[in-house]
There are 2 protein chains.
Amino acid sequence: MTASALPVVCAALGDATRWEILTRLGEGPMSASALARALPVSRQAIGKHLEVLREVGLVESERRGREVVHLAVGARLGALARELDRIGRDWETRLLRIKELAERPGPDPAT
Amino acid sequence: MTASALPVVCAALGDATRWEILTRLGEGPMSASALARALPVSRQAIGKHLEVLREVGLVESERRGREVVHLAVGARLGALARELDRIGRDWETRLLRIKELAERPGPDPAT
DNA sequence: CTCTACTGCAACCAATGGGTTGCAGTAGCC
DNA sequence: GGCTACTGCAACCCATTGGTTGCAGTAGAG
């Protein structure tokens, strides 16, 4: 996962309806029509959300007979989680270093 | 981190400008005016972004003399990362179970 | 073959949100 | 005390987006 993709995939996860869709798809493959029956939005709205999720790799779609079934991709979410964890750790370590420097009497890093 | 907060905090992370701000704040505390000087947006826009980030716990603010300095909170990001990782694993395990059931000749789960 | 049902595309609408300018308040620096 | 600079609030603008309805295409079921 490249760093520039972080805002995009986070934006895809930044919508409650899409989380509803992902939760359903996490339990098993479903078609867009089936999702539309389960959720209080139209099938076309579901379709747009699915396109967003597919573009960032959070769902995959497969034609099965007459309908197209979609499923949530856990690997992609895991990759995002690892990246966020790494960044969070960086913030904490840098903040600790700053606090150490502030409290230490000798403020020269070269020492 | 409650599950209902996931879309909100992800939405906060779903903007490129906010990631710019977070990156700067991850290197050390800064004031809104300093951020506005470093980024190609106005101070008021920075202020709105900081409010969003503060509401979801990704930055903390502290009055230091005449100015207010902000810093990125790594712990919050780590909590989000753990939650996303957990959900991603759930998806993968359930999908594996479904595939197993589909390939196994005896489709009765009670057996 | 026909009928049903799921998909895909397009146009349109309203709300949200990222951005701006302007102004008032307030707290250090000299 | 006066000047400077940073903060906070409000109003406004426009692009994006989540949502809708409608229609055309297409592929299984009977």
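Lettering follows sequence order; numbering is per chain, from 1.
With hydrogens and angles ignored, the 3.5 Å screen pairs no side-chain donor or acceptor of A:Arg18 with any backbone N or O of A:Leu53. When atom types are taken as modelled, the side chain of B:Glu92 and the backbone of A:Ala75 share a donor-acceptor pair closer than 3.5 angstrom. Between the A:Arg24 side chain and the A:Met30 main chain, no donor and acceptor come within less than 3.5 Å of each other.
The side chain of A:Ser42 contributes an N or O atom lying less than 4.0 Å from OP1 or OP2 of D:dT20. Look at A:Thr17 and you'll find a side-chain N or O under 4.0 angstrom from OP1 or OP2 of D:dG19. Proximity of A:Ser33 to the phosphate of C:dA5: no side-chain N or O atom is located under 4.0 Å from OP1 or OP2. At least one side-chain nitrogen or oxygen of B:Arg37 sits closer than 4.0 Å to the OP1 or OP2 atom of D:dC6.
Put simply, CD on B:Glu67 is 12 Å from P on D:dG8, counting in whole angstrom units. Between B:Glu20 atom CD and C:dG18 atom P the separation is 15 Å, expressed in whole Å. One interatomic measurement links the two molecules: CG of A:Leu13 to C1' of D:dT17, which rounds to 17 Å at whole-angstrom precision. Whole-Å rounding puts the A:His70 NE2 to C:dC6 C1' distance at 10 Å. Separating the CG atom of B:Leu39 from the C1' atom of C:dT20 is a distance of 16 Å, rounded to the nearest angstrom. When the P atom of C:dA5 is taken as reference, atom CD1 of A:Ile46 falls 19 Å away, rounded to whole Å.
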Its contact letters, B for base, S for sugar-phosphate only and - for none at protein heavy atoms under 4.0 Å, make nucleotides 23-30 of chain D read ----BBS-
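Under the 4.5 Å side-chain heavy-atom criterion for Ile, Leu, Val, Met, Phe, Trp and Tyr, B:Leu50 and A:Leu95 are members of distinct hydrophobic clusters. Under the 4.5 Å side-chain heavy-atom criterion for ILVMFWY residues, no single connected hydrophobic cluster contains both A:Ile98 and B:Val59.
Summarising the geometry of A:Ser61 relative to A:Val68, their closest heavy-atom pair is CB-CG1, 4.0 Å, with the distance given to 0.1 Å. Residues B:Ala72 and A:Trp91 come closest through the heavy atom pair CB-CE3, 3.4 Å.
Residues from residues 47-61 of chain A that place a heavy atom under 4.0 Å from any atom of DNA chain C, listed by number: A:Lys48.
Residues A:Val9 and A:Leu58 are in side-chain contact: their nearest non-hydrogen atoms beyond the backbone lie under 4.5 Å apart.
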